[in-house]
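Some notes on the structure that comes next.
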Number of protein chains: 2
Amino acid sequence: MGDNAPPASLKAFEEKLLEVSESLPKRLRQCADYVAANKDRIAVSTVAEMAEGAGVQPSALMRFCQILGFSGFSEMQRLFRESYVGGWPDYSTRLKHLREKPEGSPAALLGEFVDAGRASLESLLNTVDPANLTEAANLLSAANVVHIVGLGRSFSIATYMAYIFEKMEVPAVLHTSLGKLDNRHAIRKGDALLAFTFSPYSSPTLDLVENAAARNIPIVAVTDSAIGPLAKFRPVTLLVSEVDFGAFRSPAATLCLATALAVSVGTAKPGSA
Amino acid sequence: MGDNAPPASLKAFEEKLLEVSESLPKRLRQCADYVAANKDRIAVSTVAEMAEGAGVQPSALMRFCQILGFSGFSEMQRLFRESYVGGWPDYSTRLKHLREKPEGSPAALLGEFVDAGRASLESLLNTVDPANLTEAANLLSAANVVHIVGLGRSFSIATYMAYIFEKMEVPAVLHTSLGKLDNRHAIRKGDALLAFTFSPYSSPTLDLVENAAARNIPIVAVTDSAIGPLAKFRPVTLLVSEVDFGAFRSPAATLCLATALAVSVGTAKPGSA
DNA sequence: GAGAAAATGGAATTTATGATCCATTTTATG
DNA sequence: CATAAAATGGATCATAAATTCCATTTTCTC
């Protein structure tokens, strides 16, 4: 039973939440999950708002508060309002804060990468040609099977594409070069190839593209240069320029493009055969 | 007279406050001063509390709100509450819409994802605890070998981590569950485990974490809930809140965090042995 | 599969809070 | 100093929010 002292600090609150959340029925679990993920909202929301967010009735949320040891929502809210430390400043201020941390500290780095990520997302809308994007989506949704290739730096993007395609029931194969097998003959007439490759362009990817091009398989290329080694195969090209931070590029933009492309294909595709 | 449009942003609010405060009688001036000095409290206080703080009657504070152009205290408070929580709920509904009837060109879709990506990067600065990030980086750089695990949705992140670690000469192993082999015995004393897992938490990942926890292997968890199934193993937790819409979640924020973490570890690590 | 216990949804109730109003006080002005 | 206008305090009213209660549904146990 939950008839016990209410947590007196945010730390105690978290512990209580953890302790309690092990054994909770469905609705109360939803409350716990939502509250855990939106602690910051508690101070400024009403029961009704929180309940709606969690997808439960207000009364369920009340019960949840009581299980945590509070007399009700108000008492829980009081805890959060009291320890509400001068409202969060806006994005740029927060960023500045992070950057003020010691040079090279993980927090400062995170700030830099977030910033780089945002910048590269912004430029994405400029570098990607909408017509090409539409063409790419059409081409891929018309394919029997979409073959995805991307190695090295691009491998993570390729795996993510494979994941979304599978979720959206788009027939797709991920080419991994596992064991140096390149499975080029798995690519059949009527299929399409989706290739990700960035500046130290890996040769297995190029080989696969070259082979496919020779057989007139339609190709979509996500790459960083219009005149890269892929250009001569005349693929439908989606350009991404990733903002460097130090030696590291943030793949956030590429990932974003990949997601949009995958969802376009997934929704355009008629119900699976 | 103060019958004018209410400020629509914090910036507009400040300007209005300044403009108005020149010519104000005693009590209203107290209101202005107190409000200016305690803007952060507005979101979480009642009229009565604010009035007491300013040393005036509630009715005086009401009048003050109206002079600023608001219909009353509630409307002013709404401005502060909304700018505090940011625009996340909007995205939820927008993306849900998108999923229900996917109208719109791929380019429009890309626009949506870029927006969502930017917002989720921004919120990353709120959810990740800098102290935990530092601790995670220290813990991983102290390890002999870093073991990376992440399946399903998280697999692409895991592969990216493995890529950067390798580039930075940090000894790391990617656990893929290829062939259902979980290689749990590859994790030795002195190693550390880095686990990525999000809401349909995959059981192989949990198993691996459980096993490692039982052997006192230090664990860093990148996840979406402080009370998720990983919580009971008390890992160093890095929270990323990606609102869940099946395939529509953009992992840009997680990727960004992963990159920052990897680079932190890579630079902290003393020259390779 | 029947019965009991737990959990849940939604309406009804209570409380707290915001907003309004007007008598009283203060300040400005001739 | 008298008068009018403005400002203020505090009580009252209206409303929105928190809380409780109970009928219904679900889940567990024998």
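Note that the structure is a prediction, hence the values are computed from the model and not measured. Reminder, nothing fancy here: chain letters follow the sequence lines and each chain counts from 1.
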Item checked: Centroid-centroid distance, A/Phe13 to A/Phe80, less than 6.0 Å ->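 Close enough - the centres of the two rings lie under 6.0 Å apart.
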Does [X] use its side chain to pair, donor to acceptor, with the backbone of [Y] at less than 3.5 Å?
| X | Y | answer |
| --- | --- | --- |
| B/Gln30 | B/Ala54 | yes |
| B/Thr127 | B/Leu239 | yes |
| A/Ser45 | A/Ile42 | no |

Let me know the distance between [atom1] of [X] and [atom2] of [N], rounded to the nearest Å.
| X | N | atom1 | atom2 | value |
| --- | --- | --- | --- | --- |
| A/Leu28 | D/dT26 | CG | P | 16 Å |
| B/Glu52 | D/dG10 | CD | P | 13 Å |
| A/Phe64 | C/dA7 | CZ | P | 14 Å |
| A/Gln30 | C/dT8 | CD | P | 9 Å |

Check: What one-letter contact string describes nucleotides 10-23 of chain C from 5' to 3', where B marks a base within less than 4.0 Å of any protein heavy atom, S marks contact via sugar-phosphate atoms alone, and - marks no contact?
Finding: B-------SSB---
Check: What pair of heavy atoms forms the shortest contact from B/Ser225 to B/Tyr201, and how long is it?
Finding: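 Here B/Ser225 and B/Tyr201 meet closest at CB-OH, 3.9 Å.
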Check: Looking at B/Glu122 and A/Arg118, does any basic side-chain N land under 4.0 Å from a carboxylate oxygen?
Finding: yes
Notebook entry, point to check: With the threshold set at 4.0 Å, does a side-chain nitrogen-carboxylate oxygen contact exist between B/Lys232 and B/Glu210?
Noted result: no
Check: Contacts to DNA chain C from residues 17-27 of chain A, heavy-atom cutoff under 4.0 Å, which residues?
Finding: A/Pro25, A/Lys26, A/Arg27
Notebook entry, point to check: Do B/Gln57 and B/Met62 have side-chain heavy atoms sitting under 4.5 Å apart?
Noted result: no
